[in-house]
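Lettering follows sequence order; numbering is per chain, from 1.
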2 protein chains.
Amino acid sequence: MTVELHFQLDFRSGTPIYEQIVEEVRRRIHGGQLKPGDQLPTVRQLALELRVNFNTVARAYRILDEAGMISTQQGRGTYILAPPDADHGERLRQVTLEHLAEDFAQQALRLGYSPRVIREAFEKALLRGLSDESNG
Amino acid sequence: MTVELHFQLDFRSGTPIYEQIVEEVRRRIHGGQLKPGDQLPTVRQLALELRVNFNTVARAYRILDEAGMISTQQGRGTYILAPPDADHGERLRQVTLEHLAEDFAQQALRLGYSPRVIREAFEKALLRGLSDESNG
DNA sequence: CATTCAATGATACAATGATACATTGTATGG
DNA sequence: CCATACAATGTATCATTGTATCATTGAATG
């Protein structure tokens with residue numbers, strides 16, 4: 001399922017190779033030829049095709065990764081990411097909060113504390129956290 | 001009966017998958033959701049659920065095995081060994097309600113949630129924990 | 001020229017995946 | 001009963017993928 005890119009580098013342009021790769025992938029993502037979930041060629045595959053060292057491709061991929069456009073995963077490959085969506089990020093954050101809350105509640109209950117005592121401890125900790133936040 | 005874990009991996013976090021699995025199982029053992037004698041999902045079941053190779057799960061299980069927290073047995077399965085309070089190597093600190101509450105409050109605040117949202121998540125989790133306690 | 005520094009290459013490494021294997025429990029047939 | 005076959009489990013080994021580190025190159029600069 002890894003897509004083919006087929007594009008030509010200009011070795012004489014003065015623009016670094018890794019930059020040319022970054023720009024090409026960028027264009028294809030914006031142009032829609034590359035869609036979220038698509039797997040890019042491996043660093044070695046693309047390097048072979050472009051006749052460059054695979055570290056150069058890796059460098060381009062790393063830049064795109066840091067820009068949030070792709071996801072590089074050691075041992076797995078690199079994939080196009082969905083464009084950052086504020087709503088989606090919010091949903092993930094909410095999941096995390098629920099997870100934290102659930103862990104806390106379960107552990108507290110398991111230690112045998114009553115709901116009333118747990119609520120008190122929670123409220124106290126929350127207020128303390130708030131004052132810490134505003135002061136320090 | 002093998003327990004279900006359902007948890008999400010973060011493929012983009014940079015933390016290796018096997019490490020994320022190790023930590024998740026650790027948390028559930030300490031939190032009491034996993035008790036001695038419980039059978040974990042088989043490496044293949046969990047791998048399928050998490051969409052990773054089963055060797056990655058096997059690696060996590062092996063680490064937990066070497067830490068003395070679980071027992072993996074070829075041809076049989078893997079089982080929780082550790083009593084929840086026996087801490088293996090790491091943090092031997094006393095887990096108190098105050099600590100739990102403080103950790104939860106601080107982490108939630110650090111994520112940028114408003115006190116109101118945190119209270120809602122907490123209350124919901126607590127009620128759910130209570131009903132789980134009485135039912136299951 | 002010598003020096004410096006960014007770009008690229010070479011090499012070793014870590015994480016994950018694919019595949020074949022050994023061990024255990026259970027069903028099946030005699 | 002016992003033996004055998006089979007299915008399910010974890011294990012071992014190697015291939016594949018990205019990462020880290022250092023060496024090399026080549027152009028800019030003094």
| message | Test: salt bridge (Lys or Arg N to Asp or Glu O under 4.0 Å). Region: residues 60-74 of chain A. Which pairs qualify, not counting sequence neighbours? | response |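 Only A:Arg62-A:Glu66 qualify under salt bridge (Lys or Arg N to Asp or Glu O under 4.0 Å).
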| Where at least one partner belongs to residues 24-33 of chain A, residue pairs that pass salt bridge (Lys or Arg N to Asp or Glu O under 4.0 Å), sequence neighbours excluded |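 Every pair satisfying salt bridge (Lys or Arg N to Asp or Glu O under 4.0 Å) with a residue in residues 24-33 of chain A: A:Glu23-A:Arg26, A:Glu24-A:Arg27, A:Glu24-A:Arg28.
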| request: Not counting sequence neighbours, which residues clear salt bridge (Lys or Arg N to Asp or Glu O under 4.0 Å) with A:Arg119? List them please. | output: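 A:Arg119 satisfies salt bridge (Lys or Arg N to Asp or Glu O under 4.0 Å) with B:Glu123 only.
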| field | Set of salt bridge (Lys or Arg N to Asp or Glu O under 4.0 Å) partners for B:Arg128, sequence neighbours left out | value |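 Scan of B:Arg128 (salt bridge (Lys or Arg N to Asp or Glu O under 4.0 Å), adjacent residues dropped) gives A:Glu102.
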Write down the distance between [atom1] ([X]) and [atom2] ([N]), rounded to a whole number of angstrom.
{"X": "B:Glu19", "N": "C:dA14", "atom1": "CD", "atom2": "P", "result": "13 Å"}
{"X": "B:Leu46", "N": "C:dT16", "atom1": "CG", "atom2": "P", "result": "13 Å"}
{"X": "B:Ile17", "N": "C:dA15", "atom1": "CD1", "atom2": "P", "result": "11 Å"}
{"X": "B:Leu48", "N": "C:dG17", "atom1": "CG", "atom2": "C1'", "result": "15 Å"}
{"X": "B:Tyr79", "N": "D:dA8", "atom1": "OH", "atom2": "C1'", "result": "11 Å"}

| task | Compare side-chain N and O positions of B:Tyr18 against OP1 and OP2 of C:dA15 and report whether any pair is under 4.0 Å apart. | result |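 Yes.
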| query | Is the shortest side-chain N/O distance from A:Thr56 to OP1 or OP2 of C:dG9 below 4.0 Å? | reply |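 So the side chain of A:Thr56 is within the cut-off, an N or O lying under 4.0 Å from OP1 or OP2 of C:dG9.
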| query | Taking only residues two or more places apart in sequence, or in another chain, which ones meet A:Ser13 in a side-chain hydrogen bond (donor to acceptor under 3.5 Å, both in side chains)? | reply |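 Expected list: A:Thr15, A:Gln20.
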| task | Mark up nucleotides 10-20 of chain D, 5' to 3', with B wherever a protein heavy atom is under 4.0 angstrom from a base atom, S wherever such an atom reaches only the sugar-phosphate, and - elsewhere. | result | BBBB---BBBB
| query | Would you say A:Tyr79 and B:Phe11 make side-chain contact, with heavy atoms under 4.5 Å? | reply |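 A:Tyr79 does not reach B:Phe11 side chain to side chain.
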